[in-house]
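I have placed the structure first, in the form of structure tokens, so that the comments after it can refer back to it.
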2 protein chains.
Amino acid sequence: MTQHKTKETYSIGELAKEFDITPRSIRFYEEQDLLSPERTGQTRIYCNKDRVRLKLILRGKRLGFSLAEIKNLFELYDSNPNSMLQLETMLQMTEQKRAILRQQLDDIQMLMAELDEVENRCRDELAELQKGN
Amino acid sequence: MTQHKTKETYSIGELAKEFDITPRSIRFYEEQDLLSPERTGQTRIYCNKDRVRLKLILRGKRLGFSLAEIKNLFELYDSNPNSMLQLETMLQMTEQKRAILRQQLDDIQMLMAELDEVENRCRDELAELQKGN
DNA sequence: GTAAAGATTAACGTTAACGTTAGGGTTAGG
DNA sequence: CCTAACCCTAACGTTAACGTTAATCTTTAC
């Protein structure tokens with residue numbers, strides 16, 4: 001149970017470096033209500049929860065979600081809803097996201113197959129060239 | 001071998017409707033050198049090859065590629081290069097794309113897992129509510 | 001104590017990917 | 001003949017997601 005390497009707090013610069021983005025981006029995400037770090041005076045202090053959030057934001061972006069959609073997912077995840085209506089709305093939303101993800105999986109497989117083709121053509125031609133030597 | 005349903009040519013409006021985008025978008029892709037349909041007078045005439053290209057553009061977009069990157073992939077696919085340098089550059093590029101796709105696959109799996117969690121929490125709470133009735 | 005490194009707000013600039021509007025040409029139907 | 005449904009070019013407008021610049025404030029190193 002050695003609490004290893006999980007620092008308690010981070011500066012904006014540290015997070016920026018860790019995730020290879022600019023401080024400006026991190027501040028922008030806060031402007032859009034995706035983060036809300038503590039402060040000491042003016043300076044922002046990020047805790048582990050903030051860091052995880054940031055990681056999720058970046059993952060969402062890589063998947064082509066807009067910041068607005070990511071915020072949406074956060075609210076969905078954070079809310080501890082009580083009405084059946086809310087719960088069912090939530091299930092609908094997760095199903096929507098899931099459909100998009102499935103589509104992306106299909107797309108990726110097709111694209112990978114096409115890359116294979118290109119690569120094979122390449123390797124064949126390279127082999128031809130080397131025979132010529 | 002019944003040549004079924006593969007029409008020979010398409011108008012811009014037909015393609016727009018089929019892929020659920022606007023004619024403006026299709027013209028824009030042409031501006032960016034991603035398409036180059038024939039013309040009769042001013043009017044654009046799209047053949048099957050053009051239609052396939054358009055499909056590929058949209059797939060790329062769903063995967064978060066920019067139009068510039070998609071154009072890049074097209075050139076990569078279309079070119080029939082002869083120098084070893086070109087061939088090796090090409091292999092490097094396909095490997096880059098592949099890395100991005102692998103990252104996306106990881107991202108998707110993690111996100112799916114998180115969606116599962118949310119859904120389970122939802123279903124549990126729904127069950128609780130229904131017991132109360 | 002002072003200089004460099006990193007923090008802040010505020011505000012204007014930029015790029016991609018179209019949307020929108022204006023103005024005009026062509027063909028099919030009633 | 002004329003109107004509706006298409007097509008076209010040209011050009012300006014829009015949105016998201018930051019980049020950039022300026023002007024200032026703190027903190028850390030020597």
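Each chain gets a letter, A, B and so on, in the order its sequence line appears, and its residues count up from 1. Just so it is clear, the structure is predicted and the values come from calculations on it, not from any experiment.
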Considering heavy-atom distances to DNA chain C, does B:F65 or B:Q42 have its closest nucleotide positioned more toward the 5' end?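 Going by which nucleotide is closer to the 5' end, it is B:F65.
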Below the 4.0 Å mark, does [N] have OP1 or OP2 next to a side-chain nitrogen or oxygen of [X]?
| X | N | value |
| --- | --- | --- |
| B:T22 | C:dG19 | yes |
| B:R44 | D:dC7 | no |
| B:S25 | C:dA17 | no |
| B:S11 | D:dC7 | yes |
| A:R39 | C:dT9 | yes |
| B:Y29 | C:dC18 | yes |

Just by distance, no angles: are the side chains of B:N48 and B:Y10 close enough, under 3.5 Å, to form a donor-acceptor pair?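 Yes - a donor-acceptor pair under 3.5 Å links their side chains.
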Can you find a side-chain donor-acceptor pair between B:T22 and B:S25 that sits under 3.5 Å?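 Side chains of B:T22 and B:S25: pair found under 3.5 Å.
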Choose from [options] the nucleotide whose nearest atom is closest to any side-chain atom of [X].
| X | options | value |
| --- | --- | --- |
| B:K61 | D:dA17, D:dC7, C:dC18 | C:dC18 |
| B:R24 | C:dG19, C:dA7, C:dT9 | C:dG19 |
| A:F28 | D:dA17, D:dC7, C:dC18 | D:dA17 |
| A:R27 | D:dA11, C:dA7, D:dA17 | C:dA7 |

What's the [atom1]-[atom2] distance between [X] and [N], to the nearest Å?
| X | N | atom1 | atom2 | result |
| --- | --- | --- | --- | --- |
| B:E69 | C:dA17 | CD | C1' | 14 Å |
| B:R62 | C:dA17 | CZ | C1' | 17 Å |
| B:I12 | C:dT26 | CD1 | C1' | 16 Å |
| B:I57 | C:dA16 | CD1 | C1' | 15 Å |
| A:L15 | C:dG6 | CG | P | 15 Å |
| A:I26 | C:dT9 | CD1 | P | 13 Å |
| B:E31 | D:dT9 | CD | P | 9 Å |
| B:L34 | C:dA16 | CG | C1' | 13 Å |

Using a strict cut-off of less than 4.0 Å between a Lys/Arg side-chain nitrogen and an Asp/Glu carboxylate oxygen, indicate whether A:E69 and A:K61 qualify as a salt bridge.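 No.
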Closest heavy-atom pair and its distance - B:L63, A:Q104: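 Heavy-atom minimum between the residues: CD2-O, 3.8 Å.
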Heavy-atom closest pair, residues B:I12 and B:I26: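 Taking B:I12 first and B:I26 second, the nearest heavy atoms are O-CD1, 3.8 Å.
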Nearest nucleotide by nearest heavy atom, which residue falls closer to the 5' end of DNA chain D, A:A68 or B:G13?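 Looking at DNA chain D, the more 5' nearest nucleotide goes with B:G13.
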